A.B. asks: 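Okay, handing you the structure first.
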Amino acid sequence: MGLEMHSKKIIYTAWVSPFEFGFLDRPEGLLGITDNAVNGFFAIDIILTFFVAYLDKTTYLIVDNRNQIAWKYASSWLVFDVISTLPSELARKISPTPLRSCGLFNMLRLWRLRRVSALFARLEKDRNFNYFWVRCAKLICVTLFAVHCAGCFYYLLAAHYRNPKKTWIGASMDDFLHESLWIRYVTSIYWSITTLTTVGYGDLYAQNTREMVFDTFYMLFNLGLTAYLIGNMTNLVVHGTSKTREFRDTIQAASNFAQRNHLPARLQDQMLAHLSLKYRTDSEGLQQKETLNSLPKAIRSSISHFLFYSLVDKVYLFRGVSNDLLFQLVSEMKAEYFPPKEDVILQNEAPTDFYILVTGAVELLVFKNGTEQVIGEAKTGDLCGEIGVLCYRPQLFTMRAKRLCQLLRMNRTTFLNIVQANVGDGTIIMNNLLQHLKEQIMEGVLLETENMLAHGRMDLPLSLCFATLRGDDLLLDQLLRRGLDPNESDNNGRSALHIAASKGSENCVLLLLDYGASPNSRDLEGNVPIWEAMMADHEPVVKILADNGATISSGDVGQFSCTAVEQNNLELLKKILYHGGDVTLPKSNGSTALHVAVCEGNTEIVKFLLDQGTNIDKPDIHGWTPRDLADQQGHEDIKTLFQSHKAVKTQYFVVIPEQKRENKVSGRFTSEPTIYPMSRDGSSGGVTEGTWRQSRPRHRTSNFHNSLFGIMSAANGGNDNDLLSSIDQTKCAETDRDCPIRVTVSCLEKGDVKGKLVLLPQSFQELLEIGAKKFGLLATKVLTKDGAEIDDIELIRDGDHLVFVSDGEMGEPNCQNGGVLS
């Protein structure tokens, strides 16, 4: 509305100022009132200008300081604006006497026309107006204003000449001063137009020197005005036809090229169809590439996100990836159009790009036996060419548009660069691809891809968690050799060792431990790898972790105990106890395993926990004690246990059956042939499966007697037999690293203090059997000479003194020591 009012005021001023200057002495009646009203509007505009910010052309910053605005306006256009706004009556009174009669003051209002150019510049940039018609309107207005001003000046020269008959209008009109205003104005405009167009004067022509001088300057002005008009009209017309001309030239050049090289008709049709589509998209505004490239990256990304994010989010390859990765991918994808029957990808083409179909449909074809065969069709949201890009092989299919299609193109290099910074997302993408290959029954491609994965020949960033989830120890070794952190974890804090332990993959567990993975790392829920293996009942993995320093107490033992009780799994609870976990500890909400056992009503577990010394009066965060829960739920048998319970902790000695040890195998992977070690008789070891665990020899620490200082000590302070024994042991260690380990065994209950020298067996169970044979009792514990309990054969060193402790004579349990054999 403001722009429309402003334009009307300027148009009124442009017409009335020259008219009053040439034809009227003073405005009267309605014209005078209108003049003063327009002057009032311009006066308001002057006041508002003091509050309008302006652009500083030196710094290109918006200046909104009122003092600076006022100073700039006052030092530039304020004086001229005020003079052009003064009322006509006031202007005549203050102007000099010679100027009052000619109305020259009215011409000062034309100063307002300086805003016309800015007005049309804004209209040309306004998307609500057509540029062509705005430009034409500007040219018409310039022409009419020039004709109007010239006509008014022509009449002014004739009206104020001393002899009216010696003027251009007086020569053909005897008493023109008394003719109507309309006749005089039309005659003046007519002569102005004939002069402007230079078609000849006819009956009207210059009669005196003044008119001739004015005509001379007017016609010189007309030369420039005519050139301006013709040049602008030519540009407007050429702009509308240049694209058509370029299109025709391009089509002609393409046709000549095809005919000169004898291209097949189908290929010619594809060339011409593509060029026609390009012309149509350029002319109709369908092409998005040029539009997006002209915008800043943030705006381009926002537009791409709005247009394509929801579509790309549904593509199978990106299912489950992070929003960050998806946003980056969408921002880098290029939208392209393909006409019907045009090839997008060719079979066996180098895999440089893959495409996502936005609109339309494409056919998938293969070339067999000299003919093309359609094997499928892709529709909106389908992915094409990704197998070639991700599996590093030529494109499997030819992709041909069935109708006009819009596709999103993703460059392979750009895609890999983005995914490199998102390791977890790279793992998800590879999992999605492998699953897709399985569903599409592409066994050959799947096997080849998995082989490349295992040997680390994929540029996609893969995590250790990905390799352990697949149980691929060869891939895991490749990733660890690249320098990946063995303690890396996923979003839940689960490390690769957690996953390998839960899967029971001994090879992966040993690889990770060899590369420095922490055996006691905790995830966000407090779980540790050894607990994951115990939960999945993978005893060999539990043993490996325990041998490498893993402890159940590093995790949330209270939570573990509660979980075991919730599963009513007493054996799992005993395993926690066996590996040093305190089953009486509470979890984060204050509940203990006894709370859970009471709620489950499991009397056997309640009894076990009571024997371990669990406090029956310990409240949780809600104030409930196990005794309260038993009363509230009416478990009479549990209440009876609580009443008879004495707060004395009875230690259980839980004996876990020893796993049979297998011969170690040279360091190979499950995906490769196994090389077995040779036995002493030269035959291959009797191992049925080669695992990484078997490739790890058991290391024993040399004791003091086998050291140089031990030998010297025996030589100085011991007897000759000790010296010879030490020397024999040293020679044995130098010549045969598999020489037997000798230990001393004794039993205090049988009065045997000095003990007997025996060879250390391969398992803990065999050691207990030796105690039974030597001393005739059922041994349940093995202690060092200092009284420390030994629960693993790996802890015994050469020359140690072992003490057997039993529950009683063979066949007679002895409860004196509080031991219970489980």
Side-chain angles (χ1 to χ4, degrees), residues 543 546-547 578-580 651-663 680 697-707 709-711 713-714 717-733 736-822:
K543 183 69 168 59
D547 291 346
Y578 174 78
H579 287 283
Q651 178 67 46
Y652 272 70
F653 300 110
V654 183
V655 178
I656 304 297
E658 187 73 19
Q659 297 293 322
K660 184 177 180 181
R661 294 188 178 275
E662 300 175 349
N663 294 332
R680 292 184 183 275
R698 185 177 65 188
H699 299 284
R700 296 190 181 278
T701 307
S702 298
N703 62 7
F704 176 76
H705 297 288
N706 285 335
S707 66
F709 292 101
I711 295 173
S713 175
N719 55 32
D720 293 340
N721 292 333
D722 291 337
L723 176 60
L724 292 175
S725 175
S726 299
I727 295 174
D728 289 342
Q729 292 179 9
T730 305
K731 289 181 178 180
C732 178
D736 187 0
R737 297 189 181 276
D738 293 330
C739 65
I741 297 174
R742 297 181 295 182
V743 294
T744 302
V745 295
S746 64
C747 180
L748 299 181
E749 297 178 19
K750 294 295 184 178
D752 188 347
V753 179
K754 293 185 178 181
K756 298 178 176 63
L757 187 65
V758 298
L759 296 177
L760 182 68
Q762 290 294 318
S763 68
F764 197 81
Q765 187 65 32
E766 292 175 355
L767 181 62
L768 295 177
E769 292 176 0
I770 290 176
K773 291 179 181 179
K774 296 290 184 183
F775 303 108
L777 53 79
L778 180 61
T780 57
K781 290 191 294 184
V782 179
L783 308 178
T784 65
K785 194 172 183 180
D786 296 329
E789 183 179 353
I790 300 173
D791 59 2
D792 197 305
I793 199 73
E794 299 279 354
L795 302 176
I796 303 174
R797 301 177 299 176
D798 190 25
D800 281 352
H801 191 145
L802 309 180
V803 180
F804 289 104
V805 180
S806 71
D807 295 328
E809 299 294 333
M810 288 188 70
E812 297 180 6
N814 183 4
C815 300
Q816 241 178 5
N817 299 325
V820 178
L821 182 63
S822 299

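Bear in mind that the values here come from a model prediction, so they are computed numbers and not experimental data. Numbering starts at 1 and runs along the sequence shown.
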A.B. asks: Working to the nearest 0.5 angstrom, can you tell me the gap between I741 CD1 and I796 CD1?
C.D. replies: 9.0 Å
A.B. asks: Please report the closest heavy-atom contact between R797 and V743, naming both atoms and the distance.
C.D. replies: O-CG1, 3.8 Å
A.B. asks: Are I790 and L767 close enough, and set up right, to give a side-chain contact (heavy atoms from CB on, under 4.5 Å), and what steps lead you there?
C.D. replies: CA-CA 11 Å; I790 300 173; L767 181 62; over 6 Å; no
A.B. asks: Could you state the interatomic distance from CG (L759) to CZ (R742), rounded to the nearest 0.5 Å?
C.D. replies: 8.0 Å
A.B. asks: Nearest heavy-atom pair of S763 and I793: which atoms, and what distance?
C.D. replies: O-CD1, 3.9 Å
A.B. asks: With E789 as reference, evaluate V782, L783, V805 under the side-chain contact (heavy atoms from CB on, under 4.5 Å) test and give the passing residue.
C.D. replies: L783
A.B. asks: Nearest 0.5 Å, what's the NE2-OG1 distance between H801 and T784?
C.D. replies: 10.0 Å
A.B. asks: Closest heavy-atom contact between F804 and V745?
C.D. replies: CE1-CB, 3.5 Å
